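Structure first, then comments.
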Amino acid sequence: MKVKTIAQLNIRSSAGTNNPRTGILNPGFELEVEEVNGEKVKDSVNGKEIESSVWYKDASGHYYWGGGVENLRNKQQKIDSSIEDSASHLLFNEPPNHNSFINYGKLINVTKRLPNGDGNSVNIALLDTGINRNHPDLNNSNILLADIHDSWSDVIDNNGHGTHLSGLICACSKRESGIIGLAPNVKLTIFKVLNDDGTINIEKISKALISISNSEVIDLVNMSFNVPESDFNLLKDNIEAIHNKGIIMVASAGNGTFLSNRCFYPANTSFIFSVGSIKKELFSSFKTSGFYKTVDYFFLDEQIKSLSHINENKLNELGQCSVFTAIFCGLIARALPLNQLKSERNKIIASMFDQLAFDYKEQTNLEFKTLYKTSTNNIS
């Protein structure tokens, strides 16, 4: 385990302040150690005595007081800016607690640090079941009504799916038990294109895609749904028009064994970022057989907590690819280079996330809340 000293620290021959001191380390020194739990002891940092119950031992048998070092793998510590190649933790490796504050800007494991963006000036089109924009965790978010709707009553979320995804992307809570989304400063434009039972409304999807293709402000589109191939053929021209405007699209690829030989539409399109999910027990079979050619990224499936559309004091739980599509969309919003021509953004993001995602074939065990790539993607 790698640690860094945060103060002038004694090197001792064994654990305990009464044991011989063999040297001193200055602040900022990094070393590999083994963590050992000792009895409650005191040591001094900058002349102040502080209690600690942990001592660290390195491979040479030297001991260091735990209160004088920073654990570089501890999720509660900030990632040091000089460690470019260490894993950056944007999402805790444990399920969020219903009763505690959740910051989804600390949600996902990638290979290195993302740019420190919060989605500012990025406009995401969310095509889903609508939204409960009166949720207190969304009161401070930039929620916009799409031009295909006449009023906010047209996009009331009676299903919950859209509100759940909105929370993951852009919740901006000021409550002690609230949620902060992955990109809390984005503009989220709401298109209600799914029925209250979650089924697709192809007419509304078509209207939404035409609106987006004519837009000069939309940067990114989230489509956490799938349509039959026959319906996709009716939408294909509008989807291509959106791509030709330089607008990035993210769509759900599917779940489980489905992903070994198929991919949902519209995700089954070479220029759309496709995101799937699999169960942990399927890892070995996918490592052998691989993924379908148009599946770009995936997560291990689990239940992810986000906003409820009917109870502001209760968090909802959803899993599968639709949720992880929104998470990936939020990650793109954090990293989107707005200073680049729209026509170049797709390639830039593809190259960036090809580096940020872990190659699943190089892993011996997959971890939850970690972004994996199926292969070097062919997004154009």
Side-chain angles (χ1 to χ4, degrees), residues 90-92 96-108 117-194 196 198 204 208 212 217-225 250 303-319 322-334 336:
L90 303 173
L91 192 153
F92 294 145
N97 189 310
H98 270 294
N99 299 315
S100 63
F101 189 82
I102 303 172
N103 186 344
Y104 279 88
K106 297 180 178 178
L107 198 85
I108 240 167
D118 58 7
N120 187 38
S121 300
V122 176
N123 193 320
I124 298 177
L126 179 64
L127 280 60
D128 217 272
T129 63
I131 192 172
N132 172 14
R133 72 180 183 119
N134 294 318
H135 194 290
D137 286 7
L138 295 172
N139 284 345
N140 300 297
S141 304
N142 297 316
I143 310 295
L144 307 176
L145 182 68
D147 59 9
I148 68 169
H149 303 294
D150 295 325
S151 68
W152 285 105
S153 62
D154 292 342
V155 297
I156 293 174
D157 185 7
N158 295 310
N159 176 279
H161 195 265
T163 301
H164 191 282
L165 301 193
S166 299
L168 294 174
I169 294 171
C170 72
C172 192
S173 178
K174 295 185 181 298
R175 303 189 303 157
E176 189 173 320
S177 60
I179 284 179
I180 297 291
L182 281 157
N185 279 340
V186 298
K187 295 180 177 70
L188 191 68
T189 301
I190 304 299
F191 293 83
K192 184 170 180 177
V193 301
L194 302 183
D196 288 342
K204 289 184 178 179
I212 294 168
V217 297
I218 298 293
D219 301 295
L220 185 55
V221 181
N222 188 97
M223 296 180 285
S224 291
F225 59 81
V250 184
Q303 295 293 298
I304 298 294
K305 294 183 174 71
S306 188
L307 308 182
S308 167
H309 67 301
I310 55 176
N311 187 340
E312 65 185 50
N313 294 314
K314 181 180 178 181
L315 298 182
N316 192 31
E317 290 188 338
L318 288 176
S322 63
V323 170
F324 296 106
T325 300
I327 288 173
F328 187 72
C329 187
L331 291 176
I332 292 179
R334 290 171 62 98
L336 192 63

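Every heavy atom of this structure was used, including side-chain atoms; hydrogens, water molecules and symmetry mates were not. Since this is a predicted model, take the numbers as computed values, not measurements.
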Quiz item: Can Ile131 and Ile143 be said to form a side-chain contact (heavy atoms from CB on, under 4.5 Å), step by step?
Solution: CA-CA 9 Å; Ile131 192 172; Ile143 310 295; 4.0 Å; yes
Self-check item: Note, Val186 side chain near Ile169 side chain (heavy atom, < 4.5 Å)
Solution: yes
Quiz item: Side chains of Leu194 and Phe225: does their closest heavy-atom pair fall under 4.5 Å?
Solution: yes
Quiz item: Side chains of Ser308 and Asn316: donor-acceptor distance under 3.5 Å anywhere?
Solution: no
Quiz item: Taking atom types as modelled, is there a side-chain donor on Asn139 or Ser141 under 3.5 Å from an acceptor on the other?
Solution: no
Quiz item: Within the distance-only criterion (no hydrogens, no angle test), does the side chain of His149 pair as donor or acceptor with the backbone N or O of Ser151 below 3.5 angstrom?
Solution: no
Quiz item: Are side-chain heavy atoms of Ile179 and Leu315 found at a separation under 4.5 Å?
Solution: yes
Practice problem: Test side chain to side chain donor-acceptor pair (under 3.5 Å) on Thr163 and Asn132 and set out the steps. | Solution: CA-CA 6 Å; Thr163 301; Asn132 172 14; 5.6 Å; no
Practice problem: Step by step, work out the side chain to side chain donor-acceptor pair (under 3.5 Å) result for Ser322 and His161. | Solution: CA-CA 9 Å; Ser322 63; His161 195 265; 3.0 Å; yes
Practice problem: Test Val122 against Lys187 for side-chain contact (heavy atoms from CB on, under 4.5 Å), laying out the working first. | Solution: CA-CA 6 Å; Val122 176; Lys187 295 180 177 70; over 6 Å; no
Quiz item: Hey, does Asn158 have a side-chain heavy atom less than 4.5 Å from the side chain of Thr129?
Solution: no
Quiz item: Is a side-chain donor-acceptor pair under 3.5 Å present for Asn123 with Thr189?
Solution: yes
Quiz item: Ignoring hydrogens and geometry, is there a side-chain-to-backbone donor-acceptor pair from His135 to Ala171 under 3.5 Å?
Solution: no
Quiz item: Taking the side chain as C-beta and beyond, is there a heavy-atom pair between Leu145 and Val155 under 4.5 Å?
Solution: yes
Practice problem: Answer yes when Asp154 and Lys192 have at least one side-chain N-carboxylate O distance shorter than 4.0 Å, and no when they do not. | Solution: no
Self-check item: Side-chain heavy atoms of Arg175 within contact of Asn313, under 4.5 Å
Solution: yes
Self-check item: Matching residue for Asn185 among Asp118, Asn142, Asn120 - test: side chain to side chain donor-acceptor pair (under 3.5 Å)
Solution: Asp118
Quiz prompt | Heavy-atom side-chain contact between Asp219 and Leu336 under 4.5 Å | solution = yes
Quiz item: Looking at side-chain heavy atoms only, is the closest gap between His164 and Leu318 below 4.5 Å?
Solution: yes
